[in-house]
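Below is one structure, written out as structure tokens; the observations come after it.
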Amino acid sequence: MKSLLSVIPCMLLGWVLSLLGLPLAYMFGAMAAVIIASRLRVSLTAPKHSLTVVQIVLGSSIGLMVKGLPMEEGRDILMLLPALLICLILQFNVGYFWFHRKMGWTRTESVLGAVPGALAAILVLTEHSKTPPQKIVISHAIRLVVLIIIAGIITGLNPPPVIKTAPFSYTPGIIGWLILIATGGYILGVLLERLHIPAPYMLTSLVVAIVVHYLSDVTLKLPELLSLLSMGLMGMRIGLYFSAFPFSALISNIWSSIQSVFIALTITVLVAAVTAQVMDYPMHLLILSWAPGSMEAMLFAAMAMKVNVGIVMASHIIRMSLLHIVSAIALIVQGRHKNS
């Protein structure tokens with residue numbers, strides 16, 4: 001009960017920040033609430049199964065986006081896929097080298113820290129691998145903050161057009177489909193969890209959402225409240241890691257995190273520049289598509305810069321899906337090497 005009550009002030013602060021127009025306001029609001037409460041010696045704890053909720057909501061939301069991608073952009077996505085894979089491989093390998101060789105992190109910490117994005121998956125994988133999560137989560141959180149600030153500056157300089165959309169009606173049929181997705185993702189996730197697969201509910205919810213959405217004859221989307229709640233729960237978990245760190249260690253990890261952000265962005269810009277020359281695509285479109293950060297922030301920036309939002313969205317869906325799967329496989333392989 002105490003953990004459920006802890007959600008209320010976190011969501012309230014997130015709501016206040018959303019009124020100020022802050023991107024991912026509920027996540028940052030929950031982080032701030034937990035950190036402030038810790039300094040005041042008040043305990044705010046995340047609900048026991050919060051990560052399961054985050055996995056199901058995030059996996060489902062990404063899966064439901066797939067059906068809505070414009071079909072005419074499929075050729076562009078396929079043409080750019082090899083360059084996207086090269087960018088991801090370089091981001092991961094250079095990040096791993098930096099964390100492991102230059103900063104002295106363990107191999108597991110370096111694998112998790114080098115994953116270019118996918119913060120929610122990283123939270124789950126740290127628990128699965130029993131890896132001390134503070135420095136890893138701080139690294140990813142700082143990367144997310146920096147990229148959101150950059151996207152916010154771009155969006156502020158180029159405000160996106162206001163698009164009026166009709167309110168979405170949740171009929172009993174639509175609610176039934178969404179319950180089927182959540183139930184199917186959870187049941188299959190339990191089976192994967194018994195096989196010790198990392199981030200099981202995220203993977204199964206993503207697949208179930210794609211399949212169910214294509215089988216249904218209606219457009220499906222998750223209620224915004226669920227997305228906001230999952231952001232708040234994720235922010236609470238991140239805030240707990242931040243508040244557990246001594247201030248000196250926090251400053252040290254923030255500095256190392258900024259270095260990793262600079263490395264990842266440099267690689268993104270270089271690969272985008274080469275690809276733009278070879279394949280004649282706008283360089284800023286490729287940077288927004290491959291930046292290792294928030295899909296929502298990059299989509300806002302894409303709208304502001306009036307570039308192809310469909311390509312940006314599709315690239316991030318592919319990137320997030322690959323990162324969830326590949327990072328899980330990497331830890332499985334590493335665990336088998338340790339046991340052999």
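Being a predicted model, the structure only gives us computed values, none of them experimental.
- In this structure a side-chain-to-backbone donor-acceptor pair under 3.5 Å is missing from S38 to V34.
- By the criterion of side-chain heavy atoms lying less than 4.5 angstrom apart, applied directly or through intervening Ile, Leu, Val, Met, Phe, Trp or Tyr residues, I258 is grouped together with F99 in one hydrophobic cluster.
- At a cut-off of 3.5 Å, with distance as the only test, a side-chain donor of Y96 or R107 sits close to an acceptor on the other residue.
- Applying the side-chain hydrogen bond (donor to acceptor under 3.5 Å, both in side chains) criterion to Y281, with sequence neighbours excluded, gives D76.
- Distance check: L64 CG to I210 CD1 gives 9.0 Å after rounding to the nearest 0.5 Å.
- Between L80 and S289, the closest side-chain pair of non-hydrogen atoms is not below 4.5 Å.
- Side-chain contact between S50 and M236: absent, with no pair of heavy atoms (C-beta onward) separated by less than 4.5 Å.
- When all heavy atoms of G239 and I35 are compared, the pair lying nearest together is O-CG1, 3.8 Å.
- The only member of I267, V274, V269 that meets side-chain contact (heavy atoms from CB on, under 4.5 Å) when paired with V271 is I267.
- Under the 4.5 Å side-chain heavy-atom criterion for ILVMFWY residues, a single connected hydrophobic cluster contains both L81 and M279.
- Taking hydrophobic clusters as Ile, Leu, Val, Met, Phe, Trp and Tyr residues chained together by side-chain heavy-atom distances below 4.5 Å, L180 shares a cluster with L178.
- Of the possible donor and acceptor atoms, one in the side chain of S110 sits under 3.5 Å from a partner among the backbone N and O of T106.
- Through direct or indirect side-chain contacts shorter than 4.5 Å among Ile, Leu, Val, Met, Phe, Trp and Tyr, F97 is connected to no other residue.
- Between Q55 and S205 the shortest side-chain heavy-atom distance does not fall below 4.5 Å.
- For the pair T204 (side chain) and G185 (backbone), a donor-acceptor distance under 3.5 Å is present.
- Two residues are said to be in side-chain contact when any heavy atoms from C-beta on lie closer than 4.5 Å; S315 and I311 meet this criterion.
- L228 CG to L222 CG: the interatomic distance, rounded to the nearest 0.5 Å, is 11.5 Å.
- Take I187 and apply the side chain to side chain contact (heavy atoms under 4.5 Å, CB included) test, not counting sequence neighbours, and it matches T183.
- Each side-chain hydrogen bond (donor to acceptor under 3.5 Å, both in side chains) pair with one or both residues in residues 79-93, not counting sequence neighbours, appears once here: Q91-T268.
- Annotation for F262: atom CZ does not count as buried by contact number, only 12 or fewer foreign heavy atoms lying within 6.0 Å.
- The hydrophobic clustering, which links ILVMFWY residues whose side-chain heavy atoms are closer than 4.5 Å, places Y26 and L19 together.
- Hydrophobic cluster of I89: no remaining members, since no ILVMFWY side chain lies below 4.5 Å from it.
- Interatomic distance, M231 CE to S18 OG, rounded to the nearest 0.5 Å: 9.0 Å.
- Going from atom CG of L84 over to atom OG1 of T275 covers 9.5 Å, rounded to the nearest 0.5 Å.
- Residues L44 and V7 have side chains not in contact (no heavy-atom distance under 4.5 Å, counting atoms from C-beta outward).
- Residues P9 and A33 come closest through the heavy atom pair O-CB, 4.3 Å.
- Heavy atoms only, all atoms of each residue included: S43 and T45 are closest at OG-CG2, 3.5 Å.
- Considering only residues two or more places apart in sequence or on other chains, S230 meets the side chain to side chain contact (heavy atoms under 4.5 Å, CB included) condition with V54, V57.
- Side chain of Y170 to backbone of K221: a donor-acceptor contact under 3.5 angstrom is found.
- Side-chain contact check for Y186 versus T52: some heavy-atom pair is nearer than 4.5 Å.
- By the 4.5 Å heavy-atom criterion applied to side chains, L90 and L270 are not counted as neighbours.
- Counting only distance, with no hydrogens or angles, the side chain of H213 and the backbone of V208 share no donor-acceptor pair below 3.5 Å.
- Taking CE from M79 and CG from D280, the interatomic distance works out to 10.5 Å, rounded to the nearest 0.5 Å.
- Atom NE2 of H49 and atom CD1 of I56 lie 11.0 Å apart (nearest 0.5 Å).
- Note: the hydrophobic cluster containing W290 also contains V278 (ILVMFWY, side chain heavy atoms under 4.5 Å, direct or indirect links).
- Nearest heavy-atom pair, I287 versus A272, reported as atom, atom and distance to 0.1 Å: CG1-CB, 3.7 Å.
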